[in-house]
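A short worksheet on the structure shown next.
Numbering of ligands and ligand atoms starts at 1, following listing order. In this chain, residues are counted from 1 in sequence order. Side chains are part of it too, since the values below use all heavy atoms of this structure and drop only hydrogens, waters and symmetry mates.
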Amino acid sequence: MSDDSPEVFESVSHENRTFPPDATFAEHARIASMEAYEAEYRRSLADPEAYWAEVAENLKWYRRWDRVLNEEEKPFFKWFEGAQTNLAANCLDRNLENGNRNKAALLWEGEPGDDRVLTYFDLYREVNRCANALRQLGIGKGDRVALYLPMIPELAIATLACARIGAIHTVIFAGFSANSIRDRVLDCEARCVITSDGGWRRGQVLGLKDIVDEALDGVESVSEVVVVQRGRPEPFPCTMREGRDHWYHEIVRSQPIHCEPERLDAEDMLFLLYTSGTTGKPKGIIHTQAGYMVYAYQTTKYIFDLQPEDVYWCTADIGWITGHTYILYGPLLNGATAVMYEGAPNAPDNGRFWDIVQKYGVSIFYTAPTAIRAFMKWGDHWPNGYDLSTLRLLGTVGEPINPEAWMWYHEVIGKSRCPIVDTWWQTETGGVLISPLPGATPTKPGSATRPFFGVDAAILNEEGGEERAGILAIRKPWPGILRGIYGDPQRFKDTYWCKWGGAYYFPGDGARIDEDSYVWILGRVDDVVNVSGHRIGTAELESVFIENTKVAESAVIGVPHEIKGQGLVAFVTLKEGVEATDELNRELREMVASDIGKFALPERILFSSDLPKTRSGKIMRRLLRDIAEGKELGNVTTLADPSIVEELQQKYWAK
Ligand code: PRX
């Protein structure tokens with residue numbers, strides 16, 4: 001942690017309420033007591049290779065592994081070396097063989113109220129037709145395919161189709177701007193982009209194909225664009241470019257319903273998912289076949305205590321890692337029935353999520369603290385107006401949950417009966433690393449509790465000594481760990497493996513551990529901000545501002561936000577003679593929207609004559625955070641220009 005990073009030690013929570021698992025729930029749970037958890041946890045750490053090999057036995061392999069874990073080229077770990085498999089075949093063919101052929105795999109709900117049920121056989125057929133169509137376009141193993149789609153069944157289908165033919169998918173959240181798509185497509189040299197004419201968002205149509213056209217202007221690697229027609233019966237207005245663009249329904253229609261899955265090596269790339277780091281350039285996180293599959297399978301099974309009759313709903317978007325692992329792969333690997341919803345929680349009104357729970361009889365519901373806080377604000381009468389009695393388990397992910405929101409979730413949604421799993425993990429970890437097991441772990445509001453099987457977590461100081469509060473570190477590799485950053489092995493080593501001499505994985509989060517060995521995540525210790533669960537690097541915004549010729553310098557910080565968890569505040573200094581106007585403020589906001597996406601818009605942009613710096617010229621972001629939080633600032637005389645602090649305080653707090 002640099003002296004400029006957020007002060008994790010101060011925000012130690014004093015929450016000490018404990019909620020034992022509901023007895024009825026525990027009666028049928030896979031892991032039904034803390035003793036059972038402890039015993040299995042000890043076993044998994046004593047011999048992780050034996051543990052993960054045993055888990056892998058549940059899945060389908062064309063060739064078995066020669067070795068479970070190879071650490072020789074650490075941190076480039078190899079799991080299940082020598083094995084061959086196919087993730088899509090494990091999600092689909094394996095379920096046809098397991099008696100789930102006619103079971104619902106996806107219960108899809110469109111924002112305007114249209115719906116569609118896909119059984120495992122339906123999904124198998126659709127994925128295979130799409131996979132055959134992609135092969136016919138010349139797409140195959142190792143090719144990168146970017147997906148920019150709303151949450152419609154074709155997003156799940158096309159993602160699985162890529163996995164089936166060994167193409168590497170990179171899903172780009174449909175809230176990203178054209179520039180963000182372009183950066184990602186260029187970085188991975190995608191050959192194909194799959195998009196749609198448009199998508200629904202709060203009753204409006206978003207023209208996705210137009211955004212893709214703008215993004216691909218001048219991009220040479222992309223030879224094929226496949227367009228799903230979401231507009232029914234007529235497509236939403238968009239233009240199709242001769243020779244490059246294909247309507248999805250036209251190329252898929254006459255394809256055979258079987259498609260031989262590609263036999264992929266355990267460490268072949270499965271997908272890239274771009275995420276923000278501490279520099280202006282997002283990182284293409286690499287996940288590979290076998291380890292990711294085994295980890296997604298096992299975490300979904302135990303953390304959500306999946307039972308055959310469950311209706312499971314994760315409200316994330318497939319554009320983020322949560323959607324990859326816990327909408328798509330984890331549930332399908334377990335033969336679950338998963339709900340997928342296209343739209344916003346407040347379309348057409350604030351009761352939409354509860355209406356969906358009631359309509360489908362959702363039993364497991366997994367969402368983010370930011371959504372929970374919005375529901376709290378909208379009022380209890382919304383959930384109370386629906387029948388939520390089918391719910392048996394609740395989950396949260398993406399950011400620390402404040403105890404008040406946890407209690408509301410527990411009482412108003414869970415009727416004090418449903419366990420809550422607060423799951424801590426990251427794009428890089430592939431699946432959940434720290435979480436309660438719902439039938440076993442007594443929960444405490446705001447704590448992610450204990451590590452999952454095979455996960456060896458520690459809280460360390462800068463030097464690597466164990467602490468009660470400090471930086472979260474993971475000692476042993478687990479199968480779902482990222483295998484690299486696309487095209488940048490050095491950045492991979494520097495970002496995750498440099499601290500503590502390569503002995504631990506460094507996730508970038510602060511945490512504390514309590515007397516029951518429960519982990520409390522305290523937020524990021526680097527310059528990454530979590531806005532409504534979306535990870536945004538402050539450097540990304542700063543590099544947008546600096547592109548404006550009127551801007552001399554900027555510093556962006558995260559500040560507490562009632563609903564979003566954190567919001568962004570930008571401090572901007574202008575070049576000599578440039579005036580700070582509302583118009584310039586608007587101009588900068590538009591730049592953020594078009595360079596990144598609207599979700600990254602700052603709450604405020606403050607113009608100032610300078611920024612607080614050390615004498616060596618380093619911007620003191622920490623001081624800016626203290627100003628924004630109204631804290632006592634202490635001694636600022638070591639700054640290059642101490643008077644700037646007063647100016648900033650006045651401006652920040654001026655009404
Ligand atoms: O800071 C942690 C926070 O989200 C970060 C990871 O963001 P991302 O890669 O976008 O993945 C989000 C979904 C897995 C983490 O470094 N975070 C995630 N889950 C929690 C959390 N913070 C506290 N509690 C959580 N349950």
Relative to ligand 1, is [X] under 4.0 angstrom through side chain, backbone, both or neither, heavy atoms considered?
X: I401; answer: neither
X: H534; answer: neither
X: E399; answer: backbone

Is the shortest N/O to N/O distance between [X] and ligand 1 below 3.5 Å?
X: G398; result: yes
X: R524; result: yes
X: T322; result: no

Considering the options Y496, W500, W497, F492, which one meets the ring-ring contact (aromatic ring centres under 6.0 Å, His included) requirement together with F506? W500
Given the options F271, F173, Y292, Y329, H324 meets ring-ring contact (aromatic ring centres under 6.0 Å, His included) only with F271
Could you find the nearest protein heavy atom to [atom] and give me its residue, atom name and distance?
atom: atom 8 (P) of ligand 1; answer: T427 OG1, 3.5 Å
atom: atom 6 (C) of ligand 1; answer: W425 O, 3.6 Å
atom: atom 1 (O) of ligand 1; answer: D509 OD1, 2.9 Å
atom: atom 23 (C) of ligand 1; answer: P400 N, 3.1 Å

Within ligand 1, which atoms have a heavy atom of [X] less than 4.0 Å away?
X: D422; answer: 24 (N), 25 (C), 26 (N)
X: V397; answer: 13 (C), 14 (C)
X: R535; answer: 6 (C), 7 (O), 8 (P), 9 (O), 10 (O)
X: T423; answer: 19 (N), 20 (C), 25 (C), 26 (N)
X: I521; answer: 22 (N), 23 (C)
X: N530; answer: 1 (O), 3 (C), 4 (O), 5 (C)

For residues [X] and [Y], determine if any side-chain heavy atom of one lies less than 4.5 Å from a side-chain heavy atom of the other.
X: L155; Y: L147; result: yes
X: W320; Y: H534; result: yes
X: F375; Y: V412; result: no

Is there a salt bridge (charged side-chain N to carboxylate O under 4.0 Å, His left out) between R483 and E267? Walk through the geometry before answering. CA-CA 9 Å; R483 302 299 198 271; E267 287 298 339; 3.0 Å; yes
L472 versus A511, closest heavy-atom pair with distance: CB-CB, 4.2 Å
Tell me whether R184 forms a cation-pi arrangement with F176, defined as NZ or CZ under 6.0 Å from the six-membered ring centre and within 45 degrees of its axis. yes
Looking at K281 and D183, does any basic side-chain N land under 4.0 Å from a carboxylate oxygen? no
In this structure, are over 12 heavy atoms from other groups packed under 6.0 Å from K415 atom NZ? yes
